[in-house]
Amino acid sequence: MNDLVKVMIDDREVEVPKGTGLVETAASAGIEIPVFCYEPRLGAPIGACRMCLVEVEGLPNLQAGCTLTAQDGMVVKTAASSEKAAEGQNATLEFILVNHPLDCPVCDKGGECPLQDLTFRYGPGNTRMSFPKITLEKPIPVSPLIALDRERCILCYRCTRFSSDVAEDNQLVARNRGSHTEISTFESDPYRAPFSGNVIELCPVGALTSTQYRFEARPWEIQNVPTICGLCPVGCNVNATVREGKVKRILSRNHPEVDGGWLCDKGRFTYPHLTAEDRITEPLVRGGLGLEPVGWDAALDRAEELLRGADTRIVTALSGSESVEQAYALARLLRVGLGAHTAVLPEPTSAALDAFRLPLSSIAAAEIIVIVGDDDVADRAPVVDLWLRAARRNGSEIVHYGPTGTEYTDPGGAAAALQAITASGNALGGRLRSAERVILIWSGDGGGGGARLAETAHALGLEGKPGSGAFHLPATPNGRGVAIAWAAAADEDESSPEPIGLLIVSGDEAAANPAVRALAERAENVIAITMFHGLAVGWADLVLPATGSLESDGTLLNLEGRLQRLRRTVIAPVPDELAWLSNLAGRFDVELSPHAAVVFDELSESAFGGVDGSGLSGAAPLAARTPYEAPAPAPAAEDRAAAPPHSADEHFLSELRLLRYRPLFSGPFVERIGELAFQRPTAEIELSTEDATRRAIMTGDTVGVRSNGTSVELRARINRGLMAGVARVADEHASDLHLHVEVVKL
Amino acid sequence: MSSLGLYDEIQVIRERYPESLSAVMPALQLAQERNGGWLPEEAFREVADALDLTPAYCLSIASFYDMFRLEPVGEHLIEVCTNISCGLNGAQQVVEAFESELGVRAGETTDTFSLRTVECLGGCGWATIVAVNNRHRLNVQAEDVPEIVAELRGTGRGEE
Amino acid sequence: MTPSTPEIVFAGTNGGALTEIADYQAVGGFEALVKSRALTPDEVIAELNASNLRGRGGGFFPTGRKWSFVPKPDEIDSPHYLVINADESEPGTFKDREIMLRVPFRFLEGCLIAAHAIESRHVFVYIRGEYEAEFDVLVSALEQMRAKDLLGDVTIVLHRGAGAYICGEETALLESLEGRRGLPRTKPPFPATAGLYASPTAVNNVESITSTTTVMEIGGAEYAKLGVENSTGTRVFSLSGNVVSGGNYELPHGFPLRDLIYDLGGGIADGRSLKAVIPGGSSTVILTAGEADRVTLDFDSLVGAGSAIGSAAVIALDDRCCMVQLAVRVSQFYEHESCGKCTPCRVGTKWLTSILQKIEDGRGTQADMDLLVSVADRINGKCLCPLGDSDAIAVMSYFDKFRDEFQAHVDEGGCPFHGTSSLDHLLAPVAMHVHNEAVAHA
Ligand SMILES: Cc1cc2nc3c(=O)[nH]c(=O)nc-3n(C[C@H](O)[C@H](O)[C@H](O)COP(=O)(O)O)c2cc1C
Ligand code: SF4
Ligand code: FES
């Protein structure tokens, strides 16, 4: 524990740990030191805006309070008690306002603007600037998502520091010098990076605004509803800004252990999918003319009919984006009501990992981090990528085994890599055993991720080490919660019915999943529970409208193993799943409450050791670690998951191993947001320098990619971080290319 | 300029520094030299690629310093110091002499000439200082200007 | 350039240049290095302390003290760096360039001595981008030294600036050298503990380092006998403005300002009379002719007169110079060079310029005179680094000492010089930008 020091601020004595920032020290005494550029999450203070000027005993000049830390015996006077400091702050505000337009009434920030507030409290009544203010072209697009009003910009450099020091994308920068300094991207390039939207929230004035939110609402007309982002397994804490029953914007609701106050652009900007044109608002049944709307009673009668018709020959495909309660309700209906135990569940995350639980934030403090897997962390669990960057800045060593990693391993080689580390005599393994804080991360599909990870963590003895642990990055937001809920509903084993009488497709991820589509071929009937027409047409016999995660109460289990409370932020245009599920369940003599809270209490005991649901709102806690139980050993097949290594002459035959990946900006929601189109991957194929050179291919060339039967044309890009013998292509551009492809310059 | 050439030369510069970011200024200086005295969009992309930076970052650096040029410059760059000591010794007359001799105003560019005024060039004791393609001429008076211009009209870049 | 005695920095040049290593060795070159390398780092620092050599870059901080703040290698495991500030850009200053041109080896020898003193093996010379000839001379000198194996295990990297006055400020210089925009850092931490790449770093001016060679050659005690108390040794003064023979003059500290102007400088040109003197570069407080008559060129005397020795750049202004025009031009310089990081400087310098321009144009009112004072006061002492403050301090010194002239502009509704002032309509780069935009929009 840090030793305490006494500081005197405005004749109030405070005691804080030595080195505490002066701004925080003052705050702890209930004294405000106003700031603009100061934002601890952006790294060391820069002392640029000079809003925080204070008088420090013994120093002739005013000091930037934000750059000072508490020292024993320090005597500080803020504007509250020092004429000089007050004059200094007034001066700073006058300088800032010299070029700031007085358009607050039409400014999105108006009413929630620090500059407006501080001017009111510390500022000059009027400006003495008799010269024309700098006028600039405004607003200019920084990207299709973000608009920049340079006249309003006060050059606090928060946005550029986020870009360079937090996300490290270096896309948004300051250009020119002195009074000509301005925030800018490169020429006409958009700010294209996974976390760009955070700069909107960081901007202390209305200079950077959301193009989706512009002029949509005024602060006094809105309400911020706290909930969880349901789009990936991180489960960032968010506030949904709601006006007249519509979600107008998504803001971060800083959970220091989970998201550190950052959001990815997928979580921030996809909310308009709730009002997508092809949103399904009433049940549909297949008739002569394709899908036709029917009333709810008719729909539920039809559902009952299909269920009875198929009796137990039912397969349920779940998305992993359902809330725990929705999955449980479905399971109760089907498993208890009909004895239909067969389900296609999202990829499992081993329970054995609970012995190695820890908050995501501890990544930033790790000594050594080992990542295995084929996927970029940012594509599977975006905010984890920010924690990793923080770790690197803090000096952590990060080793990544994968085709794009620091240590090249063939695609699918994650499990093998872990085995190698734990093998006796492995150098890294040795260091991991002796290191204080070690974190393992599995970032890829297959290979029994969670289980293999748990075994490795156990072999390295991590359960005993506080700052150490392991994270499996699943492909779906609540896959594990869904699996647990499904299991909690009944314990009979599943059979695999053939032929399938009825396939129930729950959720849009499942509906968009080719594997599930394949199952449908073998099914007599299909019930699809989905939000969008696009996903229902052509294969469903009955379509039941789904709600989005912003529209329902419930609970999600994130990749840490943290239960978090989902809140209904707006009323869905369709009835809640739980409502009609409990109705249907009733028809099969299964009692099921339509209220999420009640459902949770019911399943909590069997599924989550009786956690009290009411404790999951706010900043939800992470459950304690459980004792380690060895998971089921890997089936022989999985060890062979790694592709046979390529031999050099095989290269010469120009056979490349195709590495498909699922980009962060993909999926049914993203596809429905026009403003996000520019973030989606271009139709390109990434090649290693070696493979490109051998084929005389340069970045920008058009190449033909062939595997027996199929052929596509893609733009080539040399990726210096990619291992030779592997070609990387986004799923949506790989059509149905096979595992090995030929790449030729066209 | 073959982009490969620049790429490799920048790797050499990179070796001089403990951290490769330090190479960004010399790399931009080299790129500017290779691109006729200014930095077109493509130059930024090449430098960024060679140093694993973004073009935006390189632009933020280049635009901070006066000697990086973001628009084309004439074959001959004429810079007249108009800071205190040169000002006291007739710098403004020198500027005006160049303006009338070249038919451009300070800050403008023809394809042959770029004329600018600059801050103290560090030759105050020998005012007025005029930098012609970065080479300093001392004790320049308004009446010397026609001769200088004539001389430059007769030569190509750097030949003088 | 008039030779002047005693020569320390320029010793052995006889008004010429020592750019061939043989010539330099002929006048005892590199003996100081041999001597120093035979001593422990602490012994070298002790010599520097005995000499009381103080920084020639403007800060006047004791060089030996600065080096003693750099932690010893056993106290910290990151490498040590010596960074030479050769970014000379303070208006009126042009001494470092002549040192590099005429005694490059004495300068580089000093680098090696300093590197030995702080136990560094990495030296970076950040040289002003506009100094091409100087850069070439250093390149050739380094070649010759390598050929003679004088560098030992020390590497000296020449890093060229690209035109930004602020990069003369040591922390901005370090940022720039690291490949960032030249924005000053907040202190602490100071470079000595966390400088280049967050490692222990000594930043020294070219002349300070070159003088180090002499200190080690003749010994600290001998050196301390030159000059006056608190300001020992010689200084290369850059004389410019309305004098007959401007140039660099190496003189012992304590030399009378008037003798520099009238004896060495040949007095005021065109038979005009002296009006004022800027004694230490544009950032220092101006002296009236009367004040200039009384001061000597050393730290205490100039501080006593309310100014500073700064970069030892003496600018003489004759009676043709309009003080408001001077203020406009100086403020334009700081506006142009403001890095833009902190608000008071970025906004304030530009605002000051426009108020001054308004007064010069005869549009100024009494209220503008008060506003001028108030805005200057709101900049001064509020900035992150001294650049912004310097603008306010310099301009205010013109205002305070030549208030009547400012007043006349307001009362007569125009410049009392009616176009005869030597700085009349001087086109500054900042003004040029504006005029460009005008052209662009037209
Ligand atoms: C705005 C500003 C500009 C400066 N310019 C220079 C310069 O051009 N050359 C220089 O040596 N020092 C300059 N300095 C002083 C440096 O910050 C630093 O004090 C000096 O280089 C230390 O070397 P010294 O102790 O040997 O003098 C400047 C300081 C400021 C605030
Ligand atoms: S005072 Fe001027 S130069 Fe110094 S940090 Fe502030 S803006 Fe930059
Ligand atoms: S908050 Fe301290 S300088 Fe900006």
Side-chain angles (χ1 to χ4, degrees), chain B residues 16-29 32 51 53 57-58 60-68 79-92 95-96 99 104-108 115-127 129 131 133-136 139, chain C residues 1 79 88-94 96-97 122 128-133 157 159-165 176-182 197 238-242 245-248 278 282 313 315 317-318 321 326 329-330 333 336-337 339 422-429 432-433 435-436 439:
Chain B
R16 277 188 229 147
Y17 299 94
E19 292 182 18
S20 69
L21 190 60
S22 288
V24 68
M25 254 164 86
L28 286 165
Q29 284 158 340
Q32 177 159 289
L51 290 172
L53 301 170
Y57 184 82
C58 297
S60 77
I61 299 303
S63 61
F64 183 86
Y65 301 94
D66 293 334
M67 291 179 75
F68 291 115
E79 297 170 305
V80 183
C81 169
T82 62
N83 203 287
I84 309 168
S85 301
C86 288
L88 291 168
N89 288 281
Q92 185 55 28
V95 172
E96 284 159 17
E99 286 181 329
V104 299
R105 293 162 76 184
E108 295 174 6
L115 177 66
R116 332 191 314 153
T117 63
V118 293
E119 291 298 1
C120 183
L121 284 171
C124 324
W126 312 288
I129 304 295
N133 301 324
N134 298 336
R135 291 285 167 177
H136 293 188
N139 299 309
Chain C
M1 294 112 221
E88 186 168 67
S89 313
E90 172 88 354
T93 318
F94 50 96
D96 292 341
R97 84 181 301 174
H122 315 275
R128 181 174 181 183
E130 290 87 346
Y131 284 180
E132 259 192 26
V157 174
H159 184 94
R160 306 191 63 177
Y165 167 68
S176 180
L177 184 50
E178 287 180 9
R180 301 196 176 79
R181 292 158 61 85
Y197 310 124
S238 303
L239 178 63
S240 71
N242 301 118
S245 24
N248 286 311
I278 296 173
S282 62
I315 307 174
L317 307 126
D318 70 24
C321 177
L326 176 67
R329 187 60 189 88
V330 166
F333 168 76
H336 180 72
E337 300 299 342
C339 80
S422 44
L423 298 180
D424 201 62
H425 285 98
L426 194 55
L427 180 63
M432 185 180 66
H433 285 297
H435 142 129
N436 259 352
V439 172

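Here is how names work: the chains are called A, B, and so on, in the same order as the sequence lines, proteins then strands, and each is numbered from 1. Just so you know, these numbers use all the heavy atoms, side chains as well, and skip hydrogens, waters and symmetry mates.
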Look at [options] and state which one has the largest set of heavy-atom pairs under 4.5 Å with chain B.
options                      : answer
C:Leu177, C:Asp424, C:Val330 : C:Leu177
C:Pro79, C:Gly182, C:Gly92   : C:Gly182
C:Glu90, C:His425, C:Glu132  : C:Glu132
C:Ser422, C:Ser238, C:Ala162 : C:Ala162

Ignoring hydrogens, what is the shortest heavy-atom contact between [X] and [Y]? Give both atom names and the distance.
X        : Y       : value
C:Leu423 : B:Gly87 : CD2-C, 3.5 Å
C:Tyr197 : B:Pro18 : CE1-CG, 3.5 Å
B:Leu121 : C:Arg97 : O-NH1, 3.4 Å

Exercise. Is the closest side-chain donor-acceptor distance between C:Arg329 and B:Thr82 under 3.5 Å?
Worked result: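 Yes, side-chain donor-acceptor contact under 3.5 Å.
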
Exercise. Does the side chain of B:His136 pick up a donor-acceptor pair with the side chain of C:Tyr131 at under 3.5 Å?
Worked result: no

Chain C: which of [options] shares the most heavy-atom pairs with it under 4.5 Å?
options                              : value
B:Glu119, B:Gln29, B:Arg116, B:Gln92 : B:Glu119
B:Ala131, B:Ser60, B:Cys86, B:Gly123 : B:Ser60
B:Glu79, B:Glu96, B:Met67            : B:Met67
B:Cys124, B:Cys120, B:Ala91          : B:Cys124

Can you tell if the side chain of [X] reaches within under 4.5 Å of the side chain of [Y], non-hydrogen atoms only?
X        : Y        : result
C:Leu426 : B:Asn83  : no
B:Asp66  : C:Glu337 : yes
C:Arg181 : B:Ile61  : yes
B:Pro26  : C:Arg160 : no
B:Val24  : C:Arg180 : no
C:Ser282 : B:Ile84  : yes

Exercise. Are any side-chain N or O atoms of B:Arg16 and backbone N or O atoms of C:Val157, one a donor and one an acceptor, separated by less than 3.5 Å?
Worked result: no

Problem set entry | Test item: B:Thr117 side-chain N/O and C:Leu427 main-chain N/O as donor-acceptor pair under 3.5 Å |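 Side chain of B:Thr117 to backbone of C:Leu427, a donor-acceptor pair under 3.5 Å: yes, one is there.
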
For this session: Start with the C-alpha distance between B:Trp126 and C:Ser240, add both sets of side-chain angles, then the distance that settles side chain to side chain contact (heavy atoms under 4.5 Å, CB included), and finish with yes or no.
Result: CA-CA 8 Å; B:Trp126 312 288; C:Ser240 71; over 6 Å; no

Problem set entry | Structural part of C:Arg128 lying under 4.5 Å from a heavy atom of chain B | side chain

Problem set entry | Residues in side-chain contact (heavy atoms from CB on, under 4.5 Å) contact with C:Ala164, at least two apart in sequence or another chain |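 Partners of C:Ala164 under the side-chain contact (heavy atoms from CB on, under 4.5 Å) test: A:Arg177, B:Phe64, B:Tyr65, C:Ile166, C:Cys167.
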
Problem set entry | Lys/Arg-Asp/Glu bridge criterion (N-O < 4.0 Å) met for B:Arg135, C:Glu130 | no

Problem set entry | B:Ser63, part contacting chain C, at a heavy-atom distance under 4.5 Å |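 The answer is the side chain of B:Ser63.
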
Exercise. Given a strict heavy-atom distance threshold of 4.5 Å, which part of B:Glu19 is in contact with chain C: side chain, backbone, both, or neither?
Worked result: both

